[in-house]
Amino acid sequence: MTSTIRVVLLALQVVAIALGLWLGNVVWNAVS
Amino acid sequence: MALGVDSMRAGTVVRKAMFLTLGTLLFILCLTMLYQSMRAVMDVGGSCASGGPYAISRPCPKGVGWIMPVSIVGMFFAGIFTFLGVFPDGGPRPYVFSWSALFLALGWNFLDDGFDAPGGGTSAGWLVCGFVFVAMGGAPLLFLLTPRAARWSLWGPDSRRADDHLHPYRPPPVRTSKAEPTTPTPSATSTPALPSQRADVVERLATLADLRERGMLDDDEYERAKAAVLGEETSS
């Protein structure tokens with residue numbers, strides 16, 4: 001596995017964490 | 001190799017990357033909703049009820065009744081997606097941090113409201129839970145944040161190293177018995193037979209000397225045995 005794909009996968013993880021945090025708060029504010 | 005991954009088609013690489021990303025996104029989304037709903041319940045005292053035939057003295061905040069169980073189940077499905085998306089050769093393994101993320105997030109809630117309880121003052125029960133949760137979540141991190149574990153968790157297992165070409169595989173040398181004459185093989189990786197024979201002769205001479213010192217061989221027997229060993233070594 002090349003370094004490039006590993007970096008891409010790590011970057012996707014960072015995006016997923018940020019998006020998950022944001023979506024979770026959006027959903028909570030919408031239903032509460 | 002496709003998209004930088006050995007023995008995997010491009011479509012499979014994309015699918016696994018999507019599952020890995022989706023699994024992390026779903027886990028964080030569910031954890032955030034669980035965190036918020038837990039804070040909402042603690043703000044009303046730490047317990048609530050909804051539904052059922054009895055009059056409820058403390059109803060749950062809006063949405064908590066379904067968000068809590070759905071987010072917990074969602075985290076399990078997130079784990080499944082993550083396992084489907086992990087690459088065997090490398091790449092991040094985000095699931096190893098899920099335990100710590102869960103217990104540290106919820107432990108923070110306990111400590112935050114434990115030191116500043118809704119009715120004023122502190123809550124010993126919540127503080128105990130808070131310290132226990134933080135310990136449970138923080139202890140694995142002490143190992144996961146070591147350089148080797150962090151590299152395995154975030155970069156993935158090292159199936160190949162950059163200096164592999166400097167250390168090619170060499171099979172171990174084959175020891176031959178003195179009864180079978182060895183023929184040198186033309187293989188570049190075979191070890192020459194002479195050094196192993198010399199080592200064998202030295203070992204046998206040392207054994208003979210040891211036997212003489214212990215009195216199991218007299219001088220004549222030792223000299224005859226030594227001559228036999230050296231005669232064999234000269235003729236081979």
Side-chain angles (χ1 to χ4, degrees), chain A, chain B residues 1-8 13-14 16-18 20-37 39-40 60-67 70-71 74 78 81-82 85-94 97 101 105 151 153-160 162:
Chain A
M1 179 178 267
T2 61
S3 301
T4 305
I5 188 68
R6 295 187 200 227
V7 170
V8 168
L9 290 173
L10 266 179
L12 284 173
Q13 291 300 300
V14 173
V15 168
I17 290 170
L19 204 58
L21 282 169
W22 177 74
L23 269 176
N25 283 305
V26 164
V27 171
W28 171 254
N29 291 329
V31 300
S32 64
Chain B
M1 175 184 284
L3 295 178
V5 182
D6 287 336
S7 62
M8 203 175 277
V13 174
V14 170
K16 278 186 165 297
M18 284 175 58
L20 195 63
T21 307
L22 186 67
T24 300
L25 190 152
L26 185 62
F27 181 84
I28 298 297
L29 186 150
C30 292
L31 180 59
T32 303
M33 292 199 300
L34 183 65
Y35 171 90
Q36 295 285 21
S37 58
R39 291 189 76 86
C60 288
K62 186 183 173 193
V64 164
W66 68 268
I67 281 187
V70 166
S71 60
F81 283 135
T82 306
V86 162
F87 289 84
D89 281 351
R93 276 105 170 89
F97 298 104
R151 183 182 171 86
S153 307
L154 300 173
W155 197 246
D158 274 334
S159 56
R160 286 185 303 202

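All heavy atoms count here, side chains included; hydrogens, waters and symmetry mates do not. The chains referred to below are lettered A, B, ... by the order of the sequence lines, with proteins before strands, and numbering in each begins at 1.
Residue S71(B): no heavy atom, backbone or side chain, is found under 4.5 Å from chain A. Heavy atoms of L154(B) lying under 4.5 Å from chain A belong to its backbone as well as its side chain. At a 4.5 Å heavy-atom cutoff, T4(A) makes no contact with chain B through either its backbone or its side chain.
Ranked by heavy-atom pairs under 4.5 Å with chain B, the list A30(A), A18(A), G24(A) is led by G24(A). Chain B forms more heavy-atom pairs under 4.5 Å with one residue of L10(A), L23(A), L19(A) than with any other, namely L10(A). Of the listed residues (I67(B), T32(B), L34(B)), the one with the most heavy-atom contacts under 4.5 Å to chain A is T32(B).
Annotation for I5(A) and T2(A): closest pair CG2-O, 3.1 Å, computed over non-hydrogen atoms. When all heavy atoms of P92(B) and Q13(A) are compared, the pair lying nearest together is CG-CG, 3.8 Å.
Residues L12(A) and T24(B) have side chains not in contact (no heavy-atom distance under 4.5 Å, counting atoms from C-beta outward). At a threshold of 4.5 Å between non-hydrogen side-chain atoms, the residues S37(B) and W28(A) count as touching.
A side-chain donor-acceptor contact under 3.5 Å links K16(B) to the backbone of V86(B).
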